[in-house]
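For the single chain, residues carry numbers from 1 onward in sequence order.
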Amino acid sequence: MELRPVTVLPDQQTAVFAVSGVGVRFGGLVALDDVSFSVDRGQVRGVIGPNGAGKTTLFNVCCGFVKPDEGTVLRNGRPVPGLRPHRLAAMGIARTLQGVGLFGGLTVLENVMIGAERHARAGFVSTLLALARSDRDERALRERAMAALAELGVDGYAARLPGSLPYPVQKRVSLARALAVEPDLLLLDEPASGLGADEMAELGELITRLTGRMSVVLVEHHMDLVMSVCDRITVLDFGKVVADGTPDEVRDDPAVIDAYLGEEATHR
């Protein structure tokens, strides 16, 4: 099968992260068709769309879970062939998934230390197995993990097991683990799911603060959150980009109203 040539635009060449001309097919189903977006330094890029629009597939392409049939993923303007999830941390990229994804048999602190592992000279697994490693290295990991927990206001739960905590607290721990990577790009997949209005407002304030040291790609269906924190928004429908712009531009776009906002209004 001959692949379509991909044109990398100038803004994608200078962006912290970009996807260019991405297409994904599952059998005869076209999940994504010629999708492109970029995120600049300190920017929040939102990705929205109705159910089945291709948001999760696009997120999985960005994380390396899904290899696109067409197109390119770029990091700092350079193509990233063969992107895989285990390579993200070393590239300065952290992610959270729709669930919490925490290890039930490890404490909150140990879960977050896994996120900080890329800063250690020896692997964190060696710590869990009580293999030889530097006490200084382990102490630095713990300090880094505790700092991430403190930033999210959950350091008081460090010794607890995740399963004993309320779901919103588990979500904060999951985000703390991502922050422990100390990324310059954070990929968030529906971080507001399961949160109440006050918790969602706090999440929005946190995302805004984080842009002082990282860029964010936010896949989310809570429109209030998206509109309040995103600099630019990409709107998907049936795997295609139907709109791309600032929150005000997207909010007033007829294609968005038909594809997403209109659907939301009919369910109120």
If the condition is side-chain hydrogen bond (donor to acceptor under 3.5 Å, both in side chains), which residues does Lys240 pass it with, not counting sequence neighbours? Asp33
Do Val112 and Val173 pass the side-chain contact (heavy atoms from CB on, under 4.5 Å) test, and can you show the C-alpha distance, the side-chain angles, and the key distance before you say yes or no? CA-CA 7 Å; Val112 179; Val173 173; 4.1 Å; yes
Backbone N or O of Leu83 within a donor-acceptor pair of the Lys67 side chain at under 3.5 Å? no
Consider side-chain contact (heavy atoms from CB on, under 4.5 Å). Of Val181, Leu185, Leu187, which one does Arg95 pass it with? Leu187
Flag yes if Phe59 and Phe26 sit in one hydrophobic cluster, no otherwise; membership is Ile, Leu, Val, Met, Phe, Trp, Tyr, and two members link when side-chain heavy atoms are under 4.5 Å apart. yes
Drop me the distance from Arg251's CZ to Glu249's CD, to the nearest 0.5 angstrom. 11.0 Å
Please report the closest heavy-atom contact between Gly204 and Leu225, naming both atoms and the distance. CA-CD1, 3.6 Å
Should we say atom CZ of Phe238 is surrounded by more than 12 heavy atoms from elsewhere, each under 6.0 Å from it? no
Within one Ile-Leu-Val-Met-Phe-Trp-Tyr cluster: Phe37 and Val30, side-chain cutoff 4.5 Å: no
If you count the non-hydrogen atoms of other residues, nucleotides and ligands that lie under 6.0 Å from CZ in Arg41, is the total more than 12? no
Verify the neighbour count for atom OH of Tyr157: are there more than 12 heavy atoms of other residues, nucleotides or ligands below 6.0 Å? no
Can you check whether Val44's main-chain N or O pairs, donor with acceptor, with Asp231's side chain at less than 3.5 Å? yes
How long is the span from the CD atom in Glu143 to the CE atom in Met113, to the nearest 0.5 Å? 10.5 Å
Any chance you could measure Leu152, atom CG, to Arg177, atom CZ, to the nearest 0.5 Å? 12.5 Å
Kindly indicate whether the side chain of Leu58, heavy atoms from C-beta on, has any atom under 4.5 Å from the side chain of Val219. no
Rounded distance [0.5 Å steps], CG in Leu210 versus CD in Glu205: 12.0 Å
Start with the C-alpha distance between Met214 and Leu179, add both sets of side-chain angles, then the distance that settles side-chain contact (heavy atoms from CB on, under 4.5 Å), and finish with yes or no. CA-CA 10 Å; Met214 67 188 69; Leu179 295 184; 4.0 Å; yes
Donor-acceptor pair, side chain of Arg75 and main chain of Met91, under 3.5 angstrom: yes
Close side-chain approach of Arg160 and Val169, heavy atoms under 4.5 Å: no
For Leu106 and Pro162, the nearest pair of non-hydrogen atoms, with its separation, is O-CD, 3.1 Å
Closest non-hydrogen contact found for Gly194 with Tyr167 is CA-CE2, 4.0 Å
Over all heavy atoms of both residues, which pair between Leu149 and Ala158 is shortest? Give the atoms and the distance, please. CD1-CB, 4.2 Å
Compare all side-chain heavy atoms of Ile207 with those of Leu188 and state whether any distance is below 4.5 angstrom. yes
Spell out, as yes or no, whether a donor-acceptor pair under 3.5 Å connects the side chain of Glu220 to the backbone of Ala192. yes
Please tell me whether Met146 and Val154 are part of a single hydrophobic cluster in this structure, the criterion being side-chain heavy atoms less than 4.5 Å apart. yes
Run the side-chain contact (heavy atoms from CB on, under 4.5 Å) check on Val16 and Asn76 step by step: do they pass? CA-CA 5 Å; Val16 170; Asn76 294 321; 4.3 Å; yes
Using the side-chain hydrogen bond (donor to acceptor under 3.5 Å, both in side chains) criterion, which residues pair with Thr234? Sequence neighbours excluded. Arg45, Asp244
Salt bridge between Lys171 and Glu199, side-chain N to carboxylate O under 4.0 Å? no
Where the side chain of Asn111 meets the backbone of Leu102, is there a donor-acceptor pair that is under 3.5 Å apart? no
Does any non-hydrogen side-chain atom of Thr246 lie less than 4.5 Å from one of Ile233? no
Full working for side-chain contact (heavy atoms from CB on, under 4.5 Å) between Val19 and Cys62: CA-CA 8 Å; Val19 296; Cys62 294; 4.1 Å; yes
Find out whether Leu236 and Val47 are in side-chain contact, i.e. whether some heavy atom of one side chain is under 4.5 Å from a heavy atom of the other. yes
Heavy-atom pair of closest approach, residues Ala178 and Thr96: CB-CG2, 3.9 Å
Can you list everything that forms a side-chain hydrogen bond (donor to acceptor under 3.5 Å, both in side chains) with Glu202? Sequence neighbours excluded, please. Arg172
From Cys63 atom SG to His86 atom NE2, the distance as rounded to the nearest 0.5 Å: 13.5 Å
Step by step, would you call Arg144 with Glu182 a salt bridge (charged side-chain N to carboxylate O under 4.0 Å, His left out)? CA-CA 9 Å; Arg144 195 180 302 276; Glu182 296 191 351; 2.6 Å; yes
Considering all heavy atoms of both residues, which atom of Gly64 and which atom of Pro85 are nearest to each other, and what is their separation? O-CD, 3.4 Å
Is the shortest heavy-atom distance from the side chain of Arg25 to the side chain of Glu70 under 4.5 Å? yes
Decide yes or no for Phe17 and Val73: does some side-chain heavy atom of the first lie under 4.5 Å from some side-chain heavy atom of the second? yes
Got a second to check how far His222's NE2 is from Leu195's CG, nearest 0.5 Å? 7.5 Å
Leu186 side chain near Leu175 side chain, heavy-atom distance below 4.5 Å: yes
Side chain of Gln170, backbone of Leu165: donor and acceptor closer than 3.5 Å? yes
